[in-house]
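See below for the structure under consideration.
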Number of protein chains: 2
Amino acid sequence: MSAPISHDMRDGLREHRRKLTRPRQAILDIIASADHHLTPAAIHKRARKKYPHLGLVTVYRTLDLLTELGYVQRVHFDDGCHSYIAAPHGHAHHLVCSTCGKAQEFSDCDLDALIATLQRKTGFEISVHMLELMGRCPACAASQKALTRQARSQ
Amino acid sequence: MSAPISHDMRDGLREHRRKLTRPRQAILDIIASADHHLTPAAIHKRARKKYPHLGLVTVYRTLDLLTELGYVQRVHFDDGCHSYIAAPHGHAHHLVCSTCGKAQEFSDCDLDALIATLQRKTGFEISVHMLELMGRCPACAASQKALTRQARSQ
DNA sequence: TTCCAACTGAAAATGTTTTTCATTTAGAAA
DNA sequence: TTTCTAAATGAAAAACATTTTCAGTTGGAA
């Protein structure tokens, strides 16, 4: 069992001489406890319940900071990339449900062979990769199947 | 040797009963002949040289259409996703130079084993994946090395 | 030719992100 | 504790990106 991410983020701030303010705490709590990706606007809306004075600009600034420190990642979709999600401090990818937005982490992406081959073939020096998988989470898949069954039986 | 992508795009439009207008031709030519990813604004600027009356809205609309037909893909970076690039009609990924933007296509992404394992472990039904590799193209790597050598010898 | 769905540009609306600036605050140092 | 300052804040405005609306135009099938 790993320590809560919000603890890590607090430690990370301290290490980088950054302050742990009330607005930031509110934002951290939302991000750390969400298992879905969230837009800056959505984070702002939720965090305001704990700290009503919070400005949207601070959300953007905090997301930038946490991204830089590696605790938060932007989530990319074909049709828009305005969402963020917590990540462990280190290399990780997400598996995202395209129906409900639920995300699951995984770290063993295993692209070394592919990258080596491409480097050899193309001469590019590959330093970064972005991998994202999308599909239906177990819950959404189940309710979809239930719906189909129901429709067929009518 | 494959046929020019712009031909494919023209055919694709015809198949879908969409018109091949002058504004669209100008946009198609820019996209098909670029080996770099381009933002809508950049496409607009370039295409205006061929068709000065062209509106930016039409660029957005044409990009939407070509994306839907599968001839164009959005390029994703950690810090912004406002660029587009031509893709063969079908599954493909890009290897992008983070210095100059040059892009190279590849299609053999070989993720089947990873996807199968994750499906089994998580219960997700994975239907889509996004993979993007970034690094330095041969030319940029070479000029970087030349710079470093020069700096060292001073 | 005719005709109409598809397409267009301009303008305005909407949405997202960044900048600026005067004020406040966390937390290290005294 | 109190003092002090770099870091952080919110509000407003600016900048940038994207979509909608609408009246007029056009490609290409009939």
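Everything numeric in this text was worked out from a predicted model, so none of it was measured. Quick note on labels: first sequence line is chain A, next is B, and so on, each numbered from 1.
- In the hydrophobic clustering of this structure, A:Ile85 does not group with A:Val59; members are Ile, Leu, Val, Met, Phe, Trp, Tyr whose side-chain heavy atoms approach within less than 4.5 Å, directly or through other members.
- B:Tyr51 has its OH atom 10 Å from the C1' atom of C:dC7, to the nearest Å.
- Rounded to whole Å, the distance from CZ on B:Arg61 to P on D:dC22 is 14 Å.
- The ring of B:His129 has its center closer than 6.0 angstrom to the ring center of B:His93.
- Positionally, the nearest nucleotide of DNA chain D for B:Tyr60 lies more toward the 5' end than for the other of B:Tyr60 and B:Arg18.
- Taking 4.0 angstrom as the limit, B:Arg24 places a side-chain polar atom (N or O) nearer than this to OP1 or OP2 of C:dT8.
- Checked against the 6.0 Å centroid criterion, the rings of A:His82 and A:His37 do not qualify as a close aromatic pair.
- For D:dA17, neither phosphate oxygen OP1 nor OP2 lies less than 4.0 angstrom from any side-chain nitrogen or oxygen of A:His82.
- Atom C1' of nucleotide C:dT18 and atom NE2 of A:His44 are separated by 16 Å, given to the nearest angstrom.
- One atom, CZ of B:Arg22, and another, P of C:dT8, lie 12 Å apart when rounded to the nearest Å.
- Whole-Å rounding puts the A:Leu56 CG to D:dT9 P distance at 13 Å.
- Picking from C:dA5, D:dA8, C:dT18 the nucleotide with the shortest atom distance to the side chain of B:Lys19 gives C:dA5.
- Protein atom CZ of A:Arg17 is 12 Å distant from nucleotide atom P of C:dG27, rounded to whole Å.
- Here the C1' atom of nucleotide D:dA17 and the OH atom of B:Tyr84 are 10 Å apart, to the nearest Å.
- Between B:Thr21 and C:dT8 there is a side-chain polar atom (N or O) within less than 4.0 angstrom of OP1 or OP2.
- Aromatic rings from A:His44 and A:Tyr51 are positioned such that their centres are separated by 6.0 Å or more.
- Atom C1' of nucleotide C:dC7 and atom CG of B:Leu63 are separated by 16 Å, given to the nearest angstrom.
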